[in-house]
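What follows is a short report on a single structure.
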Protein chains: 2
Amino acid sequence: MIRLAIAEDHQSLIDGLTLLLKYEEGIQIVGTANDGDALLQLVKRKEPNVVVTDIRMPKMDGIQATKIIKKEYPHIKVLAFTMFDQEEAIKQMIRAGASGYILKNTSLKEVLNAILVVAEGKIYVDPNINVDGINPQKKDNRKGILTKRQMEILALIAQGKTSREIADELFIGLHTVDTHRKNMIRILGLKGKGELLRYALDKKYKF
Amino acid sequence: MIRLAIAEDHQSLIDGLTLLLKYEEGIQIVGTANDGDALLQLVKRKEPNVVVTDIRMPKMDGIQATKIIKKEYPHIKVLAFTMFDQEEAIKQMIRAGASGYILKNTSLKEVLNAILVVAEGKIYVDPNINVDGINPQKKDNRKGILTKRQMEILALIAQGKTSREIADELFIGLHTVDTHRKNMIRILGLKGKGELLRYALDKKYKF
DNA sequence: TTACAAATACCCGTTACTGGGTAATTTTAA
DNA sequence: TTAAAATTACCCAGTAACGGGTATTTGTAA
């Protein structure tokens, strides 16, 4: 299930997209926003897995918003929804971590397709865009997605240790371990009780 | 760590065993009992993983006690501690699910060895015993250890479903799912929050 | 050296799961 | 058909984990 958030200062466009996607199976629109600030609030509250955002927006532009979203929630896919001939802005969106860029003068059907593509973790680039240096992905210095300490703790979680045991083993406080747990859950886009343990067991042999 | 329970109506023998095992690393004596009833209570309270029990005991004999223990806690290994020439009783112990049988006229050192052997899940039979039809293990009709319903629920647990979700999916009550969870934890000898999920994930592909 | 990331730690509240019971009903097998 | 096993369901209490904050210290890189 794709949980979609839309940010776009032209409400009419939002309405059009909403109309198209409302009855689309597998897509749930968790909210819309008319500016960057509102988008960030929306992401924080609803944690979508895909965000469609305009680049030029009031309060905070889509580039800045994307940077923040990708930093805090690297698993969220961002699809930039731009007007034509703003190649410099598009480049910045790429650097900010966007997974796709589609022009506003595209059919809504193609927009839907782009959403599905980026939701799968792939990159979607509008055929009409021709930017030379397109090298998305991998702009954060993190080796993986998690920090050293987080991986260390994840490994202990995989061993079935409780937060208390992990805290004692690493000579840190219980709260600290819980904080790391929560940060990892947020960063990895997990949810629910066992998800982190499931993830830990899955990745256990991949460190 | 072997958590050991001892049942034997001759307290002197218990004392001897305790003396031997007290400083043995890897073995913790969680309690002793002088009759079958007391043994069952002990097992229930302390959940040992290995039980050493006499066959002839007051109130309830070791055979009956073993049957009940193996039914409720199949993971617990039972080592019968018998006097010589009671072959019929030994056969019954086998059928009751004992993992080993050692004669009382054996050195305590050998008793220790027998405990270690059965704790590893292997079968220990005193060399001086010669019963023809020895076919231990597998006396419960259960295919595996769990029932159909329990495996069904375990599979859903492995998928990360909560009890609530599992209940809805199977059209049964939340309490029922929780009961199955608890029964599985008991039968499998697990403990702690994540253990059942870990077990479920481990066995997921082995159904 | 100064900003940013990482690691540390605490607060509050809620929920899912565990651990301890008990018990009725249905199914299966002896 | 009758005893045993399996499935269903509920009670109470405790705790680990989650979800949401905030905040300080310690690195590290610009």
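Proteins come first, then strands; the chains are lettered A, B, ... in the order of their sequence lines, and each starts at number 1.
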Query raised in the report: Of all residues at least two apart in sequence or in a different chain, which pass the salt bridge (charged side-chain N to carboxylate O under 4.0 Å, His left out) check with A:E24?
Result: none
Query raised in the report: Quick one: which of D:dA16, C:dA7, D:dA5 gets closest to the side chain of A:T162?
Result: D:dA16
Requested in this report: Just jot down the side-chain contact (heavy atoms from CB on, under 4.5 Å) partners of A:D168, sequence neighbours excluded, or say none.
Outcome: A:R164
Query - A:R164 side-chain N/O to D:dA16 phosphate OP1/OP2 under 4.0 Å - result: no
Requested in this report: Quick one: pull up OG1 in B:T32 and CD1 in B:I14 and give me the separation to the nearest 0.5 Å.
Outcome: 4.5 Å
**Report entry** N or O in side chain of A:T147 less than 4.0 angstrom from C:dA5 OP1/OP2
**Finding:** no
Between the protein and nucleotides 13-15 of chain C, which nitrogen or oxygen pairs come in under 3.5 angstrom?
| from | atom 1 | to | atom 2 | distance (Å) |
| --- | --- | --- | --- | --- |
| C:dT15 | O2 | A:K193 | NZ | 3.1 |

Query raised in the report: Hey, which of these two, B:G194 or B:K44, hits DNA chain C nearer its 5' end, going by closest nucleotide?
Result: B:G194
Query raised in the report: Do the charged groups of A:D54 and A:K104 touch, with an N to O distance under 4.0 Å?
Result: yes
Query - Rounded distance in Å - CZ (B:R186) to C1' (C:dG21) - result: 12 Å
Report summary line: Sequence neighbours excluded, the answer for side-chain hydrogen bond (donor to acceptor under 3.5 Å, both in side chains) partners of A:D178 is A:S163
Requested in this report: Calculate the interatomic distance between A:D168 atom CG and C:dT8 atom C1'; express it in whole Å.
Outcome: 16 Å
Query raised in the report: How close or far is atom P of C:dC17 from atom CD of A:E195, stated in whole angstroms?
Result: 12 Å
Query raised in the report: Looking at residues at least two apart in the chain, or sitting in another chain, which of them share a side-chain contact (heavy atoms from CB on, under 4.5 Å) with A:H75?
Result: A:E47, A:Y73
**Report entry** Spacing of A:I166 atom CD1 relative to D:dC18 atom P, expressed in whole Å
**Finding:** 10 Å
**Report entry** Distance in Å, A:L21 CG paired with A:I6 CD1, rounded so as to fall on 0.5 Å steps
**Finding:** 6.0 Å
Query raised in the report: Between A:R149 and C:dT8, is there a side-chain N or O to OP1/OP2 distance below 4.0 Å?
Result: yes
Query raised in the report: Can you name the residues that form a salt bridge (charged side-chain N to carboxylate O under 4.0 Å, His left out) with A:R186, not counting sequence neighbours?
Result: A:E72
Requested in this report: Using whole Å, report how far CD1 of B:I153 lies from P of C:dC17.
Outcome: 12 Å
Requested in this report: Return the nearest nucleotide to the side chain of B:I172; candidates are C:dA7, C:dT8, D:dA9.
Outcome: D:dA9
Query - Nucleotide C:dC17, atom C1' - distance to CD1 of B:I157 in whole Å - result: 10 Å
Query raised in the report: Who pairs with B:K67 by side-chain hydrogen bond (donor to acceptor under 3.5 Å, both in side chains), at least two apart in sequence or on another chain?
Result: none
Report summary line: Atom CD of B:E72 and atom P of C:dG20 are separated, to the nearest Å, by 13 Å
Query raised in the report: Through what angle, rounded to 10 degrees, does the axis of the helix from C:dT1-D:dA30 to C:dA30-D:dT1 turn between its ends, using five pairs per end?
Result: 60°
Report summary line: Across all chains, not counting sequence neighbours, the salt bridge (charged side-chain N to carboxylate O under 4.0 Å, His left out) partners of A:E169 are A:K161
Report task. Identify, with sequence neighbours excluded, every residue that meets side-chain hydrogen bond (donor to acceptor under 3.5 Å, both in side chains) alongside A:R3. Result -> none
Report task. Return the set of residues passing salt bridge (charged side-chain N to carboxylate O under 4.0 Å, His left out) with A:D15 (not counting sequence neighbours), or none when no residue passes. Result -> none
Report summary line: Expected list for residues 173-183 of chain A near DNA chain D, using heavy atoms below 4.0 Å, is A:R181, A:K182
Requested in this report: Nearest whole angstrom, please: distance from the P of C:dA16 to the CG of B:L156.
Outcome: 16 Å
